[in-house]
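Sequence positions, counted from 1, serve as the residue numbers for this chain. Only a predicted model underlies this, so the values are computations on that prediction, with no experimental measurement involved.
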Amino acid sequence: MLRLFLTAAILVLLAITGSAQSLDRNFNGIAFAEAYDVNGRPFTEVNKNDFDGNPLLNENWGMGVVRFKNGKVLREMNLQFNLYENRLYFKQNDTIYFFLEPVIEFAFTYQDENSLPVSVVYRNGYPQEGLNHTQSFYQVLADGKNIQLLRYSYKVLVDVLNYGGPVRKK
């Protein structure tokens, strides 16, 4: 009986310490979760909403395709691109995640502020230029056999001084 109790107690302790998950603030009604795998790598990231404005490409999520470096392709993913962090997000069950596997290309279609469909393609693997590295995503505007027209979009945080008020980041 004592052996059974000790075995059960050890299993419970292993289950508790085997993975960790904590919920933080909401982002437009969507809960962000922070979870780690057995190697301690994060599955998602916590919403750090301590600034004004939106770091994302647009307000609306879009359905799209993701291509990984290892050749895998995921279709019909709910996607969003963070221009501040140059990172791709996906959403499942109202929880936002980012990919741990290296992504080389993604494409998705979203609706802009006028409810018109906009299709975008982003790709990385281009030579390092300035502060951008080979993992930086560029929007592919035109894709030819020998030449491509690329656009690098980004957002930065700036301090906004309000007369008689605190300094805010925007």
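Within 6.0 Å of CD1 on Ile147 lie no more than 12 heavy atoms contributed by other residues, nucleotides or ligands. Counting heavy-atom neighbours within 6.0 Å of Asn114 CG, excluding the residue itself, gives a total above 12.
Val121 and Ala107 make their closest contact through CG2-CB, 3.8 Å (heavy atoms, listed as atom of the first residue, atom of the second, distance). Residue Phe68 comes nearest to Glu101 through the heavy atom pair CD2-CB, 3.7 Å, listed as atom of the first residue, atom of the second, then distance. Scanning all heavy atoms of the two residues, the minimum distance from Ser119 to Thr109 falls at OG-OG1, 2.8 Å. Contact detail for Gln148 and Tyr126: the closest heavy-atom pair is OE1-OH, 2.6 Å.
With sequence neighbours excluded, no residue forms a side-chain contact (heavy atoms from CB on, under 4.5 Å) with Gln128. Listed by chain and number, the residues in a ring-ring contact (aromatic ring centres under 6.0 Å, His included) with Tyr122 are Phe81, Phe106 (sequence neighbours excluded). Considering only residues two or more places apart in sequence or on other chains, Leu131 meets the side-chain contact (heavy atoms from CB on, under 4.5 Å) condition with none of them. Tyr154 meets the ring-ring contact (aromatic ring centres under 6.0 Å, His included) test with Tyr152; sequence neighbours excluded. With sequence neighbours excluded, no residue satisfies side chain to side chain donor-acceptor pair (under 3.5 Å) with Tyr110. Applying the side chain to side chain donor-acceptor pair (under 3.5 Å) criterion to Thr134, with sequence neighbours excluded, gives no partner residue.
Inter-residue side-chain proximity for Phe99 and Val66 is flagged as met; some heavy-atom pair is nearer than 4.5 Å. Contact of the Gln135 side chain with the Val103 side chain is not registered, since no non-hydrogen atoms from C-beta on lie closer than 4.5 Å.
Through direct or relayed side-chain contacts under 4.5 Å between Ile, Leu, Val, Met, Phe, Trp and Tyr, Val65 connects to Val73. Through chains of ILVMFWY side-chain contacts below 4.5 Å, Leu141 is grouped with Leu149.
Taking CG from Asn60 and CD from Glu113, the interatomic distance works out to 9.0 Å, rounded to the nearest 0.5 Å.
The same ILVMFWY cluster, assembled from side-chain heavy atoms under 4.5 Å apart, contains both Met77 and Tyr97. Under the 4.5 Å side-chain heavy-atom criterion for ILVMFWY residues, a single connected hydrophobic cluster contains both Leu79 and Val118. Criterion: ILVMFWY side-chain heavy atoms under 4.5 Å apart, direct or through other members. Under it, Val120 and Tyr138 are not part of a common hydrophobic cluster.
Proximity of a side-chain donor or acceptor of Gln139 to a complementary backbone N or O of Leu150 within less than 3.5 Å is not detected. Side chain of Glu59 to backbone of Gln111: no donor-acceptor contact under 3.5 angstrom is found. Judged purely by atom type and a 3.5 angstrom limit, Asn54 uses its side chain to pair as donor or acceptor with the backbone of Leu56. In this structure, the side chain of Asn86 engages the main chain of Phe137 through a donor-acceptor pair within 3.5 Å.
Within the structure, side chain to side chain donor-acceptor pair (under 3.5 Å) pairs that include any residue of residues 62-78 comprise Arg67-Glu105 (at least two apart or interchain). For residues 127-142, no residue pair satisfies the salt bridge (charged side-chain N to carboxylate O under 4.0 Å, His left out) rule, not counting sequence neighbours. Within the structure, the salt bridge (charged side-chain N to carboxylate O under 4.0 Å, His left out) test picks out the following pairs touching residues 142-167 (sequence neighbours left out): Arg123-Asp143, Asp159-Lys169.
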